[in-house]
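Just follow the structure's listing: the first ligand is 1, and inside any ligand the first atom is 1.
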Amino acid sequence: MKGVVGRKAGTAPGYVYSSAMKGAGAAGLVWVETNLAEYLKNPKKKVPANKMGFPGLKNPDDIKNVIAYLKSVSG
Ligand code: HEM
């Protein structure tokens, strides 16, 4: 599988994730659009203690556009 959309969290081959992100995948978090939207709005709320240094996107249109882009490069 290419890209992130539809992939289980914390499972891209070769990347060293935090145990938080690996645990989210192990607990069944899959990056479908609804989960991506929640994560991009507030990454630390959706996956507490993950190591992504980004506060999130507050503008719903930005979230929509970023997900549309991620879909265009996944598949
Ligand atoms: C709109 C911008 C961004 C999007 C759409 C995005 C998306 C994501 C997603 C979906 C994951 C989970 C990946 C997976 O499960 O394989 C992730 C993880 C991560 N991102 Fe971002 N991200 C963004 C911005 C950033 C920025 C600005 C940084 C660094 C300054 C960053 C650093 C990371 C890191 C280090 C992880 C791994 C987290 C962990 O293992 O706990 N991201 N990102």
Side-chain angles (χ1 to χ4, degrees):
M1 174 181 286
K2 188 158 84 78
V4 69
V5 180
R7 185 168 54 66
K8 204 182 232 203
T11 60
Y15 185 73
V16 181
Y17 290 95
S18 65
S19 46
M21 191 60 75
K22 273 190 294 199
L29 181 68
V30 175
W31 292 125
V32 296
E33 288 183 52
T34 46
N35 285 332
L36 275 170
E38 287 168 6
Y39 182 68
L40 294 181
K41 187 171 175 196
N42 189 340
K44 288 287 190 300
K45 185 169 177 203
K46 186 68 178 168
V47 181
N50 83 77
K51 66 175 179 180
M52 171 159 140
F54 185 58
L57 297 171
K58 301 311 168 204
N59 178 339
D61 280 342
D62 289 346
I63 293 175
K64 234 192 284 176
N65 288 333
V66 168
I67 292 173
Y69 169 72
L70 292 175
K71 278 174 76 175
S72 79
V73 295
S74 296

(message) Only heavy atoms of Asn50, strictly under 4.0 Å: list the atoms of ligand 1 that pass.
(response) 41 (O)
(request) For atom 4 (C) of ligand 1, find the nearest protein heavy atom and state the residue, atom name and distance (0.1 Å precision). (result) Leu40 CD2, 3.7 Å
(message) What protein heavy atom lies closest to atom 38 (C) of ligand 1? Include the residue and the distance to one decimal.
(response) Lys51 CG, 3.6 Å
(message) Could you tell me, atom by atom, which parts of ligand 1 come under 4.0 Å of a heavy atom of Gly53?
(response) 30 (C)
(request) Answer whether the closest heavy-atom distance between the side chains of Lys71 and Ser74 falls below 4.5 Å. (result) no
(message) With a 4.0 Å cut-off on N to O distance, would you call Glu38 and Lys45 a salt bridge?
(response) no
(request) Write down the atom of Asn50, the atom of Pro43, and the distance for their closest heavy-atom approach. (result) ND2-O, 3.2 Å
(request) List the closest protein heavy-atom neighbour of atom 26 (C) of ligand 1: residue, atom name, distance to the nearest 0.1 Å. (result) Phe54 CB, 3.9 Å
(message) I need the atoms of ligand 1 closer than 4.0 Å to a non-hydrogen atom of Ser18, numbered in the order shown.
(response) 39 (C), 40 (O), 41 (O)
(request) Identify, for atom 9 (C) of ligand 1, the protein heavy atom at the shortest distance, and state residue, atom and that distance. (result) Tyr39 CE2, 3.6 Å
(request) Look up atom NZ in Lys51 and atom CE in Met21, then write down how far apart they are to the nearest 0.5 Å. (result) 9.5 Å
(message) Distance under 4.0 Å to a non-hydrogen atom of Gly10: what atoms of ligand 1 satisfy this?
(response) 14 (C), 15 (O), 16 (O)
(request) Hey, could you give me each pair passing ring pair (Phe, Tyr, Trp, His ring centres under 6.0 Å) that has a residue in residues 7-37? Not counting sequence neighbours. (result) Tyr15-Tyr17, Trp31-Tyr39
(request) Decide yes or no for Val30 and Arg7: does some side-chain heavy atom of the first lie under 4.5 Å from some side-chain heavy atom of the second? (result) no
(message) Suppose I only count heavy atoms of Tyr17 and a 4.0 Å limit; which atoms of ligand 1 are within that range?
(response) 14 (C), 15 (O), 16 (O), 40 (O)
(request) Mind listing the closest non-hydrogen atom pair of Ala49 and Lys44 along with its distance? (result) N-CD, 4.2 Å
(request) Answer yes or no: is there a side-chain heavy-atom contact under 4.5 Å between Lys46 and Leu29? (result) yes
(message) Out of all atoms in ligand 1, which are within 4.0 Å of some heavy atom of Val66? Include the element for each.
(response) 5 (C)
(request) Number the atoms of ligand 1 from 1 as they appear, then name those within less than 4.0 Å of a heavy atom of Ala9, with their elements. (result) 15 (O)
(message) Counting only heavy atoms, tell me which of Lys44, Met52, Arg7 gets closest to atom 3 (C) of ligand 1.
(response) Met52
(request) State, with a plain yes or no, whether a side-chain heavy atom of Val32 is found less than 4.5 Å away from one of Asn35. (result) yes
(message) Against ligand 1, does Leu36 come closer than 4.0 Å with any heavy atom?
(response) yes
(message) I'd like the name of whichever of Trp31, Tyr15, Tyr69 reaches closest to atom 14 (C) of ligand 1 through any heavy atom.
(response) Trp31
